[in-house]
Amino acid sequence: LAIEAALTIRMVFHLPLRQTEGFLRSLADLLGLGLPIPDHTTLSRRLQNFGDINFRGLATDQPVHLLIDSTGLRIHVGHLRKPPKRRVWRKLHLAVNAETGEVLAAELTNRRTADCARVQGLLDQIDDRVASFMADGAYDAGAVYEAVQGKRRGHRVTTLIPPGRGAQPSSIRLPGQRERNRNIRSMRKLGRREWYTNSGYSRRSLVENTVFRFKTILGQRIRSRSLGSQQPEVKLACKILNTMTSLGIPVSVKVE
């Protein structure tokens with residue numbers, strides 16, 4: 001708990017590990033507490049073996065409406081006088097609850113990982129029943145549709161993924177393929193813009209808002225240098241973001 005609290009302060013205030021150690025020592029002195037403060041080396045070492053971080057709030061019995069997206073995060077390259085032209089970066093995959101804005105699942109991979117390849121891994125982190133699933137055109141794959149329908153638990157999961165231009169309905173009789181055929185026919189009938197509005201797909205922009213808040217509050221790069229440390233760092237960042245979301249987020253109202 002002490003290590004997690006120290007790392008949380010480090011990420012919220014964007015402090016290096018040495019400054020985090022000094023900040024906590026000063027804070028303990030001001031409060032008159034004789035608490036032992038972990039040094040910066042301990043914080044760095046413990047982050048690598050931090051284990052699983054539960055960044056979700058209390059589970060509910062209500063079905064969730066999932067929004068999926070991915071974004072890139074830069075990797076810390078050290079104190080180089082001239083940063084490399086092609087900076088290495090990681091890809092962060094997020095699953096967000098459309099009703100609450102809470103991050104339900106997160107996974108960090110290398111930049112070459114296809115978006116659709118990590119959907120099953122994100123769904124495995126979610127125990128709730130899924131009512132609907134929304135993602136952009138990069139997730140238009142049969143494996144994604146079938147993975148989503150695996151969370152239906154006796155009820156159809158409404159899957160809204162815009163099919164590619166020229167997509168044709170398939171005769172394969174699978175639950176996921178039927179959802180894709182429904183999207184293809186609806187888009188042909190209504191047009192792409194009308195389909196976005198009438199189907200409710202426009203709500204997918206909420207996951208982009210979560211990505212914006214992640215990068216604005218916690219930064220656009222990962223401070224750790226190894227993948228073993230970067231993965232718990234990202235999950236801790238999601239926990240911080242969920243805590244701030246539970247305290248309250250602005251409510252936007254359209255002014256006529």
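FYI, the numbering just counts along the sequence from 1. As the structure is a computational prediction, the values presented were derived from the model and not from experiment.
- Nearest heavy-atom pair, A106 versus L92, reported as atom, atom and distance to 0.1 Å: CB-CD1, 4.5 Å.
- Neither V234 nor W89 shares a network with the other; the hydrophobic side chains, linked directly or stepwise wherever heavy atoms of I, L, V, M, F, W or Y lie under 4.5 Å apart, form separate groups for each.
- For the pair V144 and I161, the minimum side-chain heavy-atom distance is below 4.5 Å.
- A heavy-atom distance below 4.5 Å is not found between the side chains of T158 and F133.
- The distance from atom OG1 of T245 to atom CD1 of I217, rounded to the nearest 0.5 Å, is 7.5 Å.
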key: Verdict with reasoning, C116 to Y145, per side-chain contact (heavy atoms from CB on, under 4.5 Å)   = CA-CA 10 Å; C116 58; Y145 280 92; over 6 Å; no
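- Contact detail for I75 and S224: the closest heavy-atom pair is CG2-O, 4.2 Å.
- Between G101 and T210 the shortest heavy-atom distance is O-OG1, 4.3 Å.
- Counting only heavy atoms from C-beta outward, the side chains of W195 and N183 approach each other to under 4.5 Å.
- Under the 4.5 Å side-chain criterion, counting only non-hydrogen atoms from C-beta, L7 is in contact with L236.
- Put simply, OH on Y201 and CE on M187 are 8.0 Å apart, with the number rounded to the nearest 0.5 Å.
- Looking at heavy atoms from C-beta onward, I222 lies out of side-chain contact with S229 at the 4.5 angstrom threshold.
- Between the side chain of E21 and the backbone N or O of D39, no donor-acceptor pair lies under 3.5 Å.
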task = Show the numbers, then the answer: is there a side-chain contact (heavy atoms from CB on, under 4.5 Å) between Q168 and I184?
result = CA-CA 7 Å; Q168 300 294 328; I184 293 174; 5.9 Å; no
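- Considering all non-hydrogen atoms of both residues, Q120 and A147 come closest at OE1-CB, 3.2 Å.
- Between L241 and R213, some side-chain heavy-atom pair lies under the 4.5 Å cut-off.
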task = Show your working on side-chain hydrogen bond (donor to acceptor under 3.5 Å, both in side chains) between N110 and T113 and close with a plain yes or no.
result = CA-CA 6 Å; N110 61 61; T113 303; 3.1 Å; yes
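- A donor-acceptor contact shorter than 3.5 Å is absent between the side chain of H93 and the backbone of A105.
- By the 4.0 Å N-to-carboxylate-O rule, K151 lies too far from D128 to be salt-bridged with it.
- R223 places a side-chain heavy atom less than 4.5 Å from the side chain of H14.
- Both F13 and L24 sit in one connected hydrophobic cluster of ILVMFWY residues. Membership requires side-chain heavy atoms under 4.5 Å apart, directly or through other members.
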key: Trace of the side-chain hydrogen bond (donor to acceptor under 3.5 Å, both in side chains) decision for T41 with S44   = CA-CA 5 Å; T41 305; S44 177; over 6 Å; no
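- Going from atom OG of S205 over to atom OH of Y196 covers 12.0 Å, rounded to the nearest 0.5 Å.
- One finds the CZ atom of R225 at 11.0 Å from the CD atom of Q230 (value rounded to the nearest 0.5 Å).
- Atoms CG and CG, from D136 and L160 in turn, are 12.5 Å apart once rounded to the nearest 0.5 Å.
- Follow the hydrophobic side-chain contacts under 4.5 Å out from I53 and you reach L227 in the same cluster.
- Both I240 and I3 are assigned to one and the same hydrophobic cluster, defined by single-linkage of ILVMFWY side chains at heavy-atom distances under 4.5 Å.
- A donor-acceptor pair is defined here as one N or O able to donate and one able to accept, closer than 3.5 Å; no such pair exists between the side chain of D115 and the backbone of A138.
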task = Test E107 against Q125 for side-chain contact (heavy atoms from CB on, under 4.5 Å), laying out the working first.
result = CA-CA 10 Å; E107 190 168 353; Q125 301 179 36; 4.2 Å; yes
task = I would like to know whether K91 and T71 meet side-chain hydrogen bond (donor to acceptor under 3.5 Å, both in side chains); could you show each step before the answer?
result = CA-CA 6 Å; K91 185 179 287 189; T71 186; over 6 Å; no
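- Of all heavy-atom pairs spanning D140 and P162, the tightest one is CB-O, 4.2 Å.
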Residue pair R203, E99: steps toward the salt bridge (charged side-chain N to carboxylate O under 4.0 Å, His left out) verdict = CA-CA 10 Å; R203 295 183 66 192; E99 301 296 333; 3.1 Å; yes
request  = Output, in order, the C-alpha distance, side-chain angles, deciding distance and verdict of side-chain contact (heavy atoms from CB on, under 4.5 Å) for F55 and T243.
outcome  = CA-CA 9 Å; F55 52 85; T243 301; over 6 Å; no
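- In terms of modelled atom types and a separation under 3.5 Å, the side chain of E146 and the main chain of G176 share a donor-acceptor contact.
- Separating the CG atom in L43 from the CZ atom in R18 is a distance of 11.5 Å, to the nearest 0.5 Å.
- Paired with T159 under the rule side chain to side chain donor-acceptor pair (under 3.5 Å), one option of Q149, R180, R178, R182 passes, and it is Q149.
- No side-chain heavy atom of L73 sits less than 4.5 Å from a side-chain heavy atom of R221.
- A salt bridge does not link R46 to E4: none of the charged side-chain nitrogens sits closer than 4.0 Å to a carboxylate oxygen.
- For the pair R156 and E179, the salt-bridge criterion is met [side-chain N within less than 4.0 Å of a carboxylate O].
- Here the closest non-hydrogen pair linking T20 and R10 is OG1-CB, 3.3 Å.
- No option in N97, L123, L122, V207 other than L123 meets the side-chain contact (heavy atoms from CB on, under 4.5 Å) test with L66.
- Each of V12 and F212 belongs to its own hydrophobic cluster when Ile, Leu, Val, Met, Phe, Trp and Tyr are linked at side-chain heavy-atom distances under 4.5 angstrom.
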